[in-house]
Asks: 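So that we are looking at the same thing, I have put the structure below in structure tokens.
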Amino acid sequence: RLPVPKLEDTITRYLNAQKPLLNDDQFRKTEELAHAFEKGIGRELHEQLVAQDNQNKHTSYITGPWFDMYLKAREPVVLNFNAFMSFNPDPKPEYNDQLIRATNMTVSAIRFMKTFRAGYLEPEVFHLNPEKSDTEIFKKIIRFVPSSISWFGAYMVNAYPLDMSQYFRLFNSTRLPKLNKDELYTDEKAKHLLVLRNGNFYVFDVIDRDGNMLKPSEIQAHLKYILSDNSPAPAFPLGYLSSENRDTWALLRKNLLENGNEEALQKVDSAMFCLSLDDFPVKDFVHVSHTMLHGDAANRWYDKSFNLIITKDGTAGINFEHSWGDGVAVLRFQNEVFKDSTTTPAISPQSQPASVDSSRAVQKLDFKLNDALKAGITKAKQKFDATVESLSLNLIQFQEGGKELLKQKKVSPDAVAQLAFQMAFLRQYDQTVATYESCSTAAFKHGRTETIRPATVHTKKCSEAFVKELSKHSTEELQKLIVECSKYHGRLTKEAAMGQGFDRHLFSLRYLALSKGLPLPDFYQDQAYARLNHNIISTSTLVSPAVQLGGFGPVVADGFGVGYQVHDDWIGCNVSSYPARNGKEFLQCIHKSLEDIFNVLKGKK
């Protein structure tokens, strides 16, 4: 179970995170408020939270508040919450054809779903000592241990089973817009796939009456039929509605339902997933990022648990809605689909589509739109286009080293990447600001994420040495500063992964106070608390053989969204920003910071 941290630990960690962001006077004030909270109302709330947690052993203390946070948010899901991960191309170039890849990936996705629902999907396990635990013999033995104690057997060899409670929402699931708070909807009985092309909506069954998957050649035939349909794009594409403010969208959806579209919407909401087929090839990585992060809203349904997007040249990616689950569940799905579709593809470039009557099997959905709905779509399109127009995406690949060299020098690769972001921001804006790094707490039942706070007194000191007084320090001194940052970052990461961060705990105490109708404690009204939660640098990382790059929008208007990957011999960085910040310059500063850090580690300056 996810532990509720001790209140005194949370306050200490909170103050440590505030230290680099505040001057002495501000810090004293924040410290006073924090200690008063710890002795007074905070203690009462903490005790209530612990009591509540003890009564709800089937879940975690963060589950309710976290779902609420996502589902009550009224901003559009696209760019604010949805993230993307793009697939690497198929190693066999001729398999990157749009129809072939769409067929193979769809078949692999259905195989994954059937394996998962049948209870045969290999459990997600974090192996601290893979030589001992990631072995056939361990799997054989653990298989016969009753599930109530099998986790203990895994612990004995340092293997940690991860929570998989989110996985069922991958399929047949949609976030439904409702006034004030959205709902998650799942219909596991539905057998059809939703395909979007050119703003038109198509559905066809991929599972037959007996629960078996359609033959791959039939899926291929239906997709070929959709790709060769030359129906014009709709004048009022429905997809734009899923990019709207949630309350606006909730009212428009009510109108849609009352206007005779219930059956069509039911098909959209219950579909296994949404396959978006785009009619253009991608030009470069920046174009891939734009396509997968937002694309053309006419050809997306952002409320589906995920959209599998495949462009004309077979470039593929996933855009996923974030309330139902976190990156770990989507990444597992992506890894399996990539591996399965590339190593055992269902069809080849020589395969012939089945001779079936696709015009009967494929249904094109028609939506009845009144003037209010047409106006709503037009307005949604204007807003969406304006937001996308203001979004910048930039990326770099730092080629002068990566994980291998950093491990050789005994520093944490993640710590070095985070240090580079701190250094870069200091170089560009001459300040240290609230920074967020996401860390999975899936080692616990119904765990979600915890925040690592990478801006520390150590990174501030090190960044200032590099940016402002490089000549004053010897290479050894600078190396020492980097090592200090790395050690401290490693500690923060370990704490967060073990459910010992402070962000989720404080968030839950605040949520509890508000749900009990109490006045908001002074601690939460501190400007410093608000500033710490205004995450100007928001970061997330993942490395996988299936994933080419990933990214997300800035979480605040004056922020950066930083998706990064530290590979064996290079580091990739994908940055999103709005006009308040210059993402291109930030990336140049990141590159310069990485250069400086690597040079110092190599003994040069």
Side-chain angles (χ1 to χ4, degrees), residues 83-88 126-128 130 285 288-289 326-328 330-331 334-335 338 393-425 435-440 449 451-456 458-459 462-463 466 479 481-494 496-497 537-552 560-576 583 586-602:
F84 86 88
M85 297 190 265
S86 70
F87 285 96
N88 272 315
F126 177 64
H127 297 275
L128 257 182
F285 282 151
V288 171
S289 294
D326 302 302
V328 277
V330 182
L331 187 62
Q334 228 170 321
N335 287 340
F338 182 75
L393 294 175
N394 296 280
L395 42 92
I396 53 156
Q397 290 180 337
F398 174 80
Q399 302 284 4
E400 291 157 51
K403 200 183 288 177
E404 279 178 3
L405 189 128
L406 296 171
K407 285 193 163 167
Q408 234 175 304
K409 302 288 179 194
K410 299 199 164 36
V411 290
S412 143
D414 189 59
V416 165
Q418 289 289 347
L419 174 60
F421 306 153
Q422 293 302 314
M423 225 175 256
F425 198 90
T435 307
Y436 180 108
E437 179 182 355
S438 171
C439 176
S440 169
T449 55
T451 310
I452 299 167
R453 292 292 181 174
T456 66
H458 303 282
T459 60
C462 185
S463 300
F466 271 81
Q479 284 175 344
L481 288 171
I482 296 170
V483 169
E484 266 171 39
C485 291
S486 170
K487 277 188 185 152
Y488 192 70
H489 186 79
R491 195 181 108 191
L492 291 180
T493 304
K494 205 168 175 180
I537 307 174
S538 185
T539 73
S540 190
T541 185
L542 55 99
V543 174
S544 145
V547 176
Q548 186 179 50
L549 70 157
F552 50 94
F560 290 120
V562 185
Y564 64 104
Q565 296 171 297
V566 185
H567 296 272
D568 284 343
D569 51 5
W570 63 282
I571 296 171
C573 225
N574 194 355
V575 168
S576 62
F586 184 50
L587 273 174
Q588 286 162 353
C589 292
I590 290 173
H591 197 279
K592 167 88 176 94
S593 303
L594 286 169
E595 251 171 25
D596 290 350
I597 294 167
F598 273 80
N599 281 337
V600 163
L601 289 172
K602 288 173 188 165

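Along the sequence shown, residues are numbered consecutively beginning with 1. Side-chain atoms are counted along with the backbone in the values below, which use heavy atoms only and exclude waters and symmetry mates.
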Asks: Got Leu492 and Glu437 here, is their nearest side-chain heavy-atom distance under 4.5 Å?
Replies: no

Asks: Which pairs would a plain distance check flag for residues 401-412, meaning a side-chain donor or acceptor within less than 3.5 Å of a matching protein atom at least two apart in sequence or in another chain?
Replies:
unit_1	atom_1	unit_2	atom_2	d
Ser412	OG	Asp414	N	3.4
Ser412	OG	Ala415	N	2.9

Asks: Search all heavy atoms of Val575 against all heavy atoms of Leu587 and return the closest pair with its distance.
Replies: CG2-CD2, 3.7 Å

Asks: So does Thr459 get a backbone contact from the side chain of Ser463, meaning a donor-acceptor N/O pair under 3.5 Å?
Replies: yes

Asks: In Å and rounded to the nearest 0.5 Å, what is the NE2 to CD distance from His489 to Gln418?
Replies: 5.0 Å

Asks: Please test Cys462 against Ile482 for side chain to side chain contact (heavy atoms under 4.5 Å, CB included), starting from the C-alpha separation and ending with a verdict.
Replies: CA-CA 7 Å; Cys462 185; Ile482 296 170; 4.2 Å; yes

Asks: Mind checking side-chain hydrogen bond (donor to acceptor under 3.5 Å, both in side chains) for Ser593 and listing every partner two or more places apart, or none if nothing turns up?
Replies: none

Asks: Can you name the residues that form a side-chain hydrogen bond (donor to acceptor under 3.5 Å, both in side chains) with Gln548, not counting sequence neighbours?
Replies: Ser86

Asks: Just to verify, what does His567 make a ring-ring contact (aromatic ring centres under 6.0 Å, His included) with, not counting sequence neighbours?
Replies: Trp570

Asks: Taking only residues two or more places apart in sequence, or in another chain, which ones meet Phe87 in a ring-ring contact (aromatic ring centres under 6.0 Å, His included)?
Replies: none

Asks: Quick one: CG on Leu393 to OG on Ser289, what's the gap to the nearest 0.5 Å?
Replies: 5.5 Å

Asks: Which residues pass the side-chain contact (heavy atoms from CB on, under 4.5 Å) test with Ala497, sequence neighbours left out?
Replies: Cys439

Asks: Test of understanding: with side-chain hydrogen bond (donor to acceptor under 3.5 Å, both in side chains), list the residues that count as partners of Thr435, not counting sequence neighbours.
Replies: Gln422

Asks: Evaluate the side chain to side chain contact (heavy atoms under 4.5 Å, CB included) criterion for residues Phe126 and Val328: first the C-alpha distance (whole Å), next the side-chain angles of each, then the deciding distance (0.1 Å), finally the verdict.
Replies: CA-CA 12 Å; Phe126 177 64; Val328 277; over 6 Å; no

Asks: Using modelled atom types and a 3.5 Å cut-off, is there a donor and acceptor pairing between side-chain atoms of Glu400 and backbone atoms of Phe598?
Replies: no

Asks: Applying side-chain contact (heavy atoms from CB on, under 4.5 Å), name anything that partners Asn335, two or more places apart in sequence or on another chain.
Replies: Leu331, Ser544, Ala546

Asks: Please work out whether the ring planes of Phe398 and His591 are parallel, tilted or perpendicular, with thresholds of 30° and 60°.
Replies: perpendicular

Asks: Please step through side chain to side chain contact (heavy atoms under 4.5 Å, CB included) for the pair Val547 and Gln565, ending with a clear verdict.
Replies: CA-CA 10 Å; Val547 176; Gln565 296 171 297; 4.0 Å; yes

Asks: Check whether any side-chain heavy atom of Val562 sits under 4.5 Å from a side-chain heavy atom of Cys573, and report yes or no.
Replies: yes

Asks: Please report the shortest heavy-atom distance between Ser538 and Phe552, naming the atom on each side.
Replies: O-CZ, 3.3 Å

Asks: Measuring from atom CD1 of Ile571 to atom CD of Gln399, what distance do you get when rounded to the nearest 0.5 angstrom?
Replies: 10.0 Å

Asks: Check the pair Thr539, Phe560 against side chain to side chain contact (heavy atoms under 4.5 Å, CB included), reporting the backbone distance first and the verdict last.
Replies: CA-CA 8 Å; Thr539 73; Phe560 290 120; over 6 Å; no

Asks: Which residues pass the side-chain hydrogen bond (donor to acceptor under 3.5 Å, both in side chains) test with Ser576, not counting sequence neighbours?
Replies: none

Asks: Could you pull out the closest heavy-atom pair between Val600 and Gln479, with the gap in Å?
Replies: O-NE2, 2.8 Å

Asks: Tell me, do Val416 and Leu594 make a side-chain contact under 4.5 Å, heavy atoms counted?
Replies: yes

Asks: Among all residues two or more places apart in sequence or in another chain, which pass the ring-ring contact (aromatic ring centres under 6.0 Å, His included) test with Tyr564?
Replies: Phe421

Asks: Excluding sequence neighbours, so at least two apart, what forms side-chain contact (heavy atoms from CB on, under 4.5 Å) with Thr449?
Replies: Trp66, Asp326, Tyr436, Ser438, Arg504

Asks: Can you tell me how far the CZ atom of Phe466 sits from the CG atom of Leu419, to the nearest 0.5 Å?
Replies: 7.0 Å

Asks: List the residues meeting ring-ring contact (aromatic ring centres under 6.0 Å, His included) with Phe285, not counting sequence neighbours, and say none if there are none.
Replies: none

Asks: Atom NZ of residue position Lys602 - does it have more than 12 heavy atoms of other residues, nucleotides or ligands inside 6.0 Å?
Replies: yes

